[in-house]
Structure formats: C-alpha cells, structure tokens
Trainee: 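This is the structure, below, for whatever I ask next.
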Number of protein chains: 2
Amino acid sequence: MAGIKDVAERAGVAISTVSYVMSGKRSVRPETKLRVLRAARELGYFPNAGARMLRGERTNIVALSSPMHEYTDYTNYSAFFFAVAQRARRYGYDVLLLMGEDETEDLMRMADSGLVDGVLLLDVTLDDPRVACARLCRVPVVSIGIPRETDGVLCVDLDFELMGRWAVDRAVRLGHRRALLVGDQGDAYDNGSNYLIRTRDSVFARAAECGMAVEFIPSVGRTMDAVSASMERAFALDPAPTVIFGQCSLGQLNNIVGYCYSRGMGVPEDVSILALGTFGNAATMVRPLDEIPMLPFSSCGRAVDLLVEAIEGRRGDEGVVELIPSKYLRRGSMGAAPSA
Amino acid sequence: MAGIKDVAERAGVAISTVSYVMSGKRSVRPETKLRVLRAARELGYFPNAGARMLRGERTNIVALSSPMHEYTDYTNYSAFFFAVAQRARRYGYDVLLLMGEDETEDLMRMADSGLVDGVLLLDVTLDDPRVACARLCRVPVVSIGIPRETDGVLCVDLDFELMGRWAVDRAVRLGHRRALLVGDQGDAYDNGSNYLIRTRDSVFARAAECGMAVEFIPSVGRTMDAVSASMERAFALDPAPTVIFGQCSLGQLNNIVGYCYSRGMGVPEDVSILALGTFGNAATMVRPLDEIPMLPFSSCGRAVDLLVEAIEGRRGDEGVVELIPSKYLRRGSMGAAPSA
DNA sequence: CTGAAAGCGCTTACAG
DNA sequence: CTGAAAGCGCTTACAG
C-alpha cells in the first residue's frame, strides 16, 4: 500500500531520488541511498505495477498460451508449464497462463493491453490461428511447435521428423520388417496436433524408404480392455508385426506390455517395443521401455531463451525455426527381430 | 498500439465518452455509441492494462503460487493448474503462475504491486510461510490445503482425514486385519507436504480404533526394482499384510501390482489394493484399482469460487475451512481378506 | 446526453 | 549529487 511518495517522505528525499535508487539508473550518494532503501524496506514498498506499465517499462511477464479443448489430455502439460516457468524465472519473468478456449482473443487482448512482454504458444497445430495473430502482435511471440507457415514467427520444437527416422532406423537395423504404430486418440490427429502428425508421417516415410511395412492404429481408449481389443486385431495380421512403436501415453504402453505378456509374448524376444514422445518415465514401467522422449525442458527452455532475446531487442523478427534433437534411451525393450 | 485518444478522434467524441461506452457506466446516445464501437474495432483498441491498474481497476488476474522444490514431482500438477484456470476463466480471470523457489517474496511482490486481484496457494505445508504472508496481504488469499494455523485465511481442501477413514473402514469391513501403507517418497513427508501426512495419520488413527495393524513404508524409488525391494521386505513380515493402501504415483501402483503378480499373488484373491490420492486414472491400469481420488476440479474450483467472492467483496476475511469429501471408486481390487 | 480536466504512481529529460 | 515537473492512458467527479 505504501507508494513512492511515502518512501520519499520517510527518507527525506524527492520521489525521483527514490526512483533512481530503486532502478540504479543514476548514482546516489551512499548515505542517501541507504536512507531510501531502509525507508522502502520499513514500509514494505513495492513499485506499483500499473504505473510502471504505463511508463512503458517491462512487466516481466510472459504469456503462455495453451488452449484447453474437449480432447485435451493435460496429464503431461505440467512438464511444459514447469519447464517454461523455470527458465522464465531464471530471467526474472513470471508466466501468465492463457487457457481459454478462444485462443486468439486472449492473445490479442494480452499483446495489446501491454500486460505481457512476450508470448509463448504451446500445442501449436498445423494451421493454428494464433500464428496469424503472432504476426500482428506488437510483442514478440515464440511458437513451441512448427505451424505450416513459419515466416515471420520464431519457432522452436523437438525434431519429430528425426524421432520418426530414428525409430524406423533402429528397428530396421535389428532386422524388423513389419511394424505396428500405436497412435494417440484419433481426434488428436484430426485436430491437427502438430507433433503427432509429424512423427507419424516421418515413420511412414522412412519405413517406405527402408522397405518396412507399418500398420497404424489410433488408440480408441485407455483401459486395458480397449487396448487389448486393438492389439488383438493388429496381431491377427499375417505376418504379424515384430516391433511396436507406441506414440501414446505411458498408461497405454503399460497396457500394451500387459497384453503382450498375457499372450505369452516376451519383450523383446517375441516383440520389441519403443515409446515415442513420452517423458523419460518409461524407465519406471514394470517392463521398462526404450524411448525417444519429449524433452520439454529442452524445447521450452530454448523457446524462453529466444523470447527473452526478442523482448530485449537482441533479435529481429525474422522467422526462425529451431529443431532440437531428442535422444534415444535404451532400456532393452528393442531386440533382434525373431526369425520367421 | 491504438489508445483511447485515437478511438475518440476517429469517432469524433471526447475520450471520456469512449471510456463510458467501453465500461457501460453511463448511457450514451445509440448513434454515438455505435461510432465509438466501430472506431475501437477498426483500430483494434484494447485498454492499456497499466492505466487501468493505476486507477485501481481490477486486473482480472489471480496468482497461483506453486513453488517448485527439488523434490517436486510435477506430474500431476497440471490437473490443478487446469482446474484453477478453467474455473477462473469462467469468472473472467486469468492465472499468473508463481513457481519461484522463494515463495514468500513472489507473493508479497504480487500482492503489493497491484498486479493481481487475489492469490491461490497450492501445495500448502503444515507451517507454510506463505500463510503468514496471506494475513498481511492487501488482496484476498485462498489456501488450497490446510495449514496448522488457519485463522485469518480462507482454506479449501479435500477431506484427507475422511479419505484415510474410508480406506480403513472398507478394508476392515472386508475382514482385513493387517495393512501395508505404501507412501510417497520419504522427503515429501519431511517437508510437511500437507495432504500426505493428513491421510497417513488418519489411516493410522482409524486403524488403531479398529484394531487393524498398519505397516508404513515410504517409496524409495519409482522403478520396478526399487518397488520390488520394498515390497519384498513388507511381505517377509509374519503375518504378511492382506491389503495394500497405495499413497503413491500410478507408476508405483503399477509396479506394486506387477510385483504381486510376479509373486503369484492375485488381486484381490490374495491381496487387496486401494489407491489413495490418485487422479481417477487407476481405471486405465492393467489391473484397474479401487481408488479414492484427488478431485482437483472440486477443490480448486471451490477455491476459485471463494477467492472471487472475496475479491468482489461478497465475503469478509474471517477464517474459513472447507473440506470436500472425495469419493470411493470401485474397480474390484478390494476383496475379502483371505482366510488364514 | 457529452466534455474538459484532475489525478492514479511511477520514470526520466531537464535544470541546477 | 539531487529535485521539480511533464507525461504515460486511463476513469470519474464535476460542469454544462
């Protein structure tokens, strides 16, 4: 509740002096400075954020746009939120969550109200309307995810094409010729969820290059029964797949392993399994799995780096697309293809 | 970038008229109003947030304080974030994440800078320093979690005492006399993480009343190997427990089930398992489990309700403690105790 | 029904 | 080394 005037009065100086002491933008006689600092501390003075904003000062807030949809499975989002918040904190920024369904309205409001210094877009779809907003915004915007049209925006993402290629290459090297790609819920692809499509298509493309057959089934549910039913159909194929790429949740992967075990199939003796886009947590499964994880701390961290650079004017608004390679974590669930 | 002056000029009115049109705080001639609205739309006008704050208007932002610690397992936090954000949105509020390690400093800064209209505390420990801050704050604060001293703060939480009693009562009714409580990581209790302690102690207390023996083991790790080692020791007891209460993550529960199966113990024929404080997702396990879940949407939703009431002055700052009952979800993993 | 002007709490160019 | 004052973009009491 104490303002700069109260501090000035208590310290016996002008408000400008208080301001300069706080900002350090000009040198102040040590004794004066001390009096001011003591007064500020005693009064519990914090500069009014509104007044600073009005003067065009940074707010040290970045918005994180992460719209909620009906189909949003938010289980793993906190990793992204934490990653963003942690890195932002390092630069002295706080994070304002924008989770309204109406993505673009929130965005324009924030960008033009002067409340935030920059914006991060999460969960960017191929034709995300927020990207068009980004081009109009007076604050810098960084997209975590690669839209179809990238010109004029800063984009960072994990290299999901590379993820797909790595998966296929590893399987092919182990002699596998028939793969099953278990996808996420079908509507996640329909809604253009970017990384899912990119990974899946990269698997398809690379498999075609390598002469490997790939069957794709989206998940229809998360329970053991739902997963079993899907797997049942997949393994009824002749010849049956010898390797499974799981582009799905850890729970579904658990059920896939459970299904294999229930059918008497050993991992990796009878079937190999590789998790794609998980969160490094397939190590904790009953049967730990090889995985090529998301690395949210890498992608989000880098996105914050770029955003802060842009905010502080150390970067123009030329388009940038940075792809970050994931890594391959071995847990022994990928083995040589069983000989026919 | 367009300001109220630009809108006024384009509409041919005074800035006060623009202001009144935007706020609706006084009636304006329909034609004038229309001209103003059109001008505002054409210029993409959004009121400057700083100027409004300076005038003491609401910012329509609430802070969500959720400090990150070394030991924080953030896997399930997004459910709370989403729950808060969703309900806040309904009232027209955005959410500012405060995740700095230094909990109280962030809090005071926010509360006194005028940037937020209210604050929510997440992950409140028994002697949480943020609660003391809350009493000093000039904005309302709602604690999600019950600290030791609740006077002068608004508190909402799930009824974890009831959760503990329900667990024990259900087991006792099924004839179980020896239980194993598998806890979260040990340091989570040491750091005073509120709900863990309350649930655990409630299990202890109720078990003592009912003449049931309870062995407690904190988790030492999340991998199958770590969980197996702990379970090994627990089942070496004579007589061995016939029911397991799992106050731990879904991954660890999966490993507990995996351990039981590997030892040839059926669930619930040989051992019953009940998950406490999970997120309704034990339905998707290979062996679905009975659970008494967290219900973040209930507790956080109610917390936002209270906060908004306080912000809008429809509630004094008398202390309030609201406990919300969870529910018991049956999945067939709790059965009659095997006869000795 | 509408407008001119004070003032919110800061920062900073200007003056000394 | 320090201060008096303009001005950021709004809201609202006052005036008509």
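A note on names: the letters A, B, ... follow the listed sequences, proteins ahead of strands, and every chain is numbered from 1. Note that this is a predicted model, so its numbers are computed, not measured. We use all heavy atoms of the structure for the numbers below, so side chains are in, but hydrogens, waters and symmetry mates are not.
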Trainee: Could you work out, with side chain to side chain contact (heavy atoms under 4.5 Å, CB included) as the rule, every residue matching B:Arg198, not counting sequence neighbours?
Mentor: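 Result, side chain to side chain contact (heavy atoms under 4.5 Å, CB included) vs B:Arg198: B:Ile146, B:Asp157, B:Phe160, B:Glu161, B:Asn194, B:Leu323.
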
Trainee: Roughly how many Å apart are C:dT2 and C:dA6, using the P atom of each and rounding to a whole number?
Mentor: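 Here C:dA6 and C:dT2 have their P atoms 23 Å from each other.
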
Trainee: Would you tabulate the side-chain donor-acceptor contacts of residues 27-39 of chain A under 3.5 Å, counting partners in other chains and residues two or more places apart, or write 'none'?
Mentor:
from, atom 1, to, atom 2, distance (Å)
A:Arg29, NH1, A:Glu31, OE1, 3.1
A:Arg29, NH1, A:Glu31, OE2, 3.4
A:Arg35, NE, A:Ala11, O, 2.9
A:Arg35, NH2, A:Ala11, O, 3.1

Trainee: So, using salt bridge (Lys or Arg N to Asp or Glu O under 4.0 Å) as the criterion, who are the partners of A:Arg10 when residues are at least two apart?
Mentor: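 For A:Arg10, the residues satisfying salt bridge (Lys or Arg N to Asp or Glu O under 4.0 Å) (neighbours in sequence not counted) are A:Glu42.
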
Trainee: With sequence neighbours excluded, tell me which residues meet side chain to side chain contact (heavy atoms under 4.5 Å, CB included) with A:Leu54.
Mentor: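 Partners of A:Leu54 under the side chain to side chain contact (heavy atoms under 4.5 Å, CB included) test: B:Asn48, B:Ala51, B:Leu54.
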
Trainee: Take atom C1' in D:dT12 and the same atom in D:dG16, then report the distance between them in whole Å.
Mentor: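 Roughly 16 Å separates the two C1' atoms.
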
Trainee: Indicate for each nucleotide in nucleotides 9-16 of chain C, in 5' to 3' sequence, whether protein heavy atoms under 4.0 Å reach the base (B), only the sugar-phosphate (S), or nothing (-).
Mentor: BBBBBB--

Trainee: Less than 3.5 Å apart, any donor N or O on the side chain of B:Ser65 or B:Arg130 sitting next to an acceptor on the other?
Mentor: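 Indeed, the side chains of B:Ser65 and B:Arg130 share at least one donor-acceptor pair under 3.5 Å.
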
Trainee: In which ranges does DNA chain C form stems of 3 or more consecutive Watson-Crick or G-U pairs, distances under 3.5 Å?
Mentor: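 Correct response: C:1-3 with D:14-16, C:5-12 with D:5-12, C:14-16 with D:1-3.
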
Trainee: List for me each residue that meets side chain to side chain contact (heavy atoms under 4.5 Å, CB included) alongside B:Ile15, sequence neighbours excluded, and say none if there are none.
Mentor: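 For B:Ile15, the residues satisfying side chain to side chain contact (heavy atoms under 4.5 Å, CB included) (neighbours in sequence not counted) are B:Ile4, B:Lys5, B:Ala8.
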
Trainee: Under 4.0 Å from OP1 or OP2 of D:dC1: is there any side-chain N or O of A:Thr32 that close?
Mentor: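 It does not, given that no N or O in the side chain of A:Thr32 lies less than 4.0 Å from OP1 or OP2 of D:dC1.
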
Trainee: Take atom CG of A:Asp6 and atom P of C:dC8, then tell me their distance rounded to the nearest Å.
Mentor: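 These atoms are roughly 12 Å apart.
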
Trainee: Please identify each residue that fulfils ring pair (Phe, Tyr, Trp, His ring centres under 6.0 Å) with B:Tyr91, with sequence neighbours left out.
Mentor: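 B:Tyr91 satisfies ring pair (Phe, Tyr, Trp, His ring centres under 6.0 Å) with no other residue.
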
Trainee: If the condition is side chain to side chain contact (heavy atoms under 4.5 Å, CB included), which residues does A:Arg109 pass it with, not counting sequence neighbours?
Mentor: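 Expected list: A:Glu105, A:Asp106, B:Phe46, B:Arg89, B:Asp94.
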
Trainee: Specify the separation, in whole Å, of atom CD of B:Glu9 and atom P of C:dA4.
Mentor: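 About 13 Å, once rounded to whole Å.
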
